[in-house]
Novice: 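First the structure, then my questions, so here it is.
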Amino acid sequence: MELVFKALADEGRRRLLDALRERNGQTLLELSELLPELTRQGVTKHLHLLEDANLVVTVKRGRHKFHYLNPVPINEIAERWLSNYERDKLRALSALKAALEEDR
């Protein structure tokens, strides 16, 4: 679980995960376009960290390597931490917060 938290701590890695959530099965070239401030090697390092945390799995097809989101570790964290709290109350507080922010 520590690897998952470490992986999620970086904004760039979260952007990669968001991109895979929107469209799964992207190549390194496609994902590199999301982080133009990094070299392809830099993006590769981020993807390796995500793979080590089991948040991304890869499939090779021919010369291409496709990256897929694995949401299971994130769900396990959510279940572990949210189960310690009362979900209904948290949802109500979140809805209240959203409503109050809309009024601003």
Side-chain angles (χ1 to χ4, degrees):
M1 197 169 292
E2 186 175 321
L3 287 175
V4 176
F5 282 115
K6 180 179 178 182
L8 294 174
D10 182 81
E11 178 193 353
R13 289 190 289 270
R14 290 191 306 269
R15 285 172 39 201
L16 292 171
L17 292 173
D18 287 340
L20 291 173
R21 182 181 43 83
E22 290 176 20
R23 188 172 63 82
N24 233 349
Q26 295 188 55
T27 64
L28 173 61
L29 181 61
E30 292 169 315
L31 292 169
S32 293
E33 292 173 359
L34 298 170
L35 301 172
E37 67 275 10
L38 295 178
T39 64
R40 200 179 290 182
Q41 292 81 9
V43 175
T44 299
K45 287 181 182 182
H46 280 306
L47 288 169
H48 282 301
L49 230 160
L50 292 169
E51 285 181 62
D52 290 344
N54 199 28
L55 291 166
V56 169
V57 294
T58 59
V59 175
K60 286 188 179 185
R61 285 192 213 120
R63 294 176 35 203
H64 298 285
K65 186 176 181 181
F66 295 90
H67 300 81
Y68 294 88
L69 175 66
N70 177 18
V72 173
I74 295 171
N75 185 61
E76 288 173 350
I77 288 174
E79 288 296 319
R80 176 180 176 198
W81 292 98
L82 292 179
S83 66
N84 291 328
Y85 304 97
E86 296 182 48
R87 290 184 188 174
D88 292 335
K89 289 181 182 176
L90 287 174
R91 285 187 188 123
L93 286 172
S94 292
L96 177 62
K97 180 180 181 276
L100 290 172
E101 289 174 347
E102 277 183 17
D103 290 341
R104 286 185 185 185

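Because only heavy atoms are used, hydrogens play no part in the values below, and waters and symmetry mates are left out as well, while side chains stay in.
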Novice: If Ile, Leu, Val, Met, Phe, Trp and Tyr residues are connected whenever their side-chain heavy atoms lie under 4.5 Å apart, and connections chain through other members, are Tyr68 and Leu55 in the same group?
Specialist: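 In one cluster with Tyr68: Leu55, no.
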
Novice: Heavy atoms, side chains only, cut-off 4.5 Å: are Val72 and Asn54 in contact?
Specialist: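 Side chain of Val72 against side chain of Asn54, heavy atoms only: no contact under 4.5 Å found.
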
Novice: Which atom pair, heavy atoms only, marks the closest approach of Ala53 to Val4?
Specialist: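 Scanning both residues completely, I find the closest heavy atoms to be O-CG2, 3.5 Å.
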
Novice: Out of His67, Arg40, Arg15, which one pairs with Leu31 under the side-chain contact (heavy atoms from CB on, under 4.5 Å) rule?
Specialist: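 Result: among His67, Arg40, Arg15, His67 is the only option passing the side-chain contact (heavy atoms from CB on, under 4.5 Å) with Leu31.
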
Novice: Indicate yes or no for a side-chain donor-acceptor contact from Arg21 to the backbone of Pro71 under 3.5 Å, with no hydrogens or angles considered.
Specialist: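 No, Arg21 side chain to Pro71 backbone: no donor-acceptor pair under 3.5 Å.
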
Novice: Checking Arg14 side chain against Ala9 main chain: does a donor-acceptor pair fall under 3.5 Å?
Specialist: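 It does hold such a pair.
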
Novice: Can you find a pair of side-chain heavy atoms, one from His46 and one from Leu38, that are under 4.5 Å apart?
Specialist: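 Yes, their side chains come closer than 4.5 Å.
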
Novice: To the nearest 0.5 angstrom, please state how far the CZ atom of Phe66 sits from the NZ atom of Lys60.
Specialist: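 Phe66 CZ to Lys60 NZ: 12.5 Å, rounded to 0.5 Å.
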
Novice: Before you tell me yes or no, could you show the steps for Leu49 and Lys45 under side-chain contact (heavy atoms from CB on, under 4.5 Å), namely the whole-Å CA-CA distance, both residues' side-chain angles and the distance that decides it to 0.1 Å?
Specialist: CA-CA 6 Å; Leu49 230 160; Lys45 287 181 182 182; over 6 Å; no

Novice: Which heavy atom of Leu16 sits nearest a heavy atom of Leu34, and at what distance?
Specialist: CD2-CD1, 4.4 Å

Novice: Quick check for you: to the nearest 0.5 Å, what is the distance between Ile74 atom CD1 and Leu8 atom CG?
Specialist: 5.0 Å

Novice: Below 4.0 angstrom, N of the basic side chain to O of the carboxylate: do Lys97 and Glu101 qualify?
Specialist: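 Salt bridge flag = yes for Glu101 with Lys97.
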
Novice: Between Lys6 and Arg13, which heavy-atom pair has the shortest distance, and what is it?
Specialist: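 Closest pair (atom of Lys6, atom of Arg13, distance): O-NH2, 3.1 Å.
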
Novice: Is Leu28 reachable from Leu20 through a run of I, L, V, M, F, W or Y residues, each pair having side-chain heavy atoms under 4.5 Å apart?
Specialist: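 Yes, Leu20 and Leu28 fall within the same hydrophobic cluster.
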
Novice: Glu51 and side-chain contact (heavy atoms from CB on, under 4.5 Å): which partner among Val57, Asn70, Val56?
Specialist: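 One option only clears the test, and that one is Val56.
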
Novice: Nearest 0.5 Å, what's the NE2-OG1 distance between His64 and Thr27?
Specialist: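 It is 7.5 Å, given to the nearest 0.5 Å.
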
Novice: For the atom pair CD (Glu22) and CG (Leu69), what is the distance rounded to the nearest 0.5 Å?
Specialist: 11.0 Å

Novice: Measure the spacing between CG of Leu17 and CG of Asp10 and express it to the nearest 0.5 Å.
Specialist: 10.0 Å

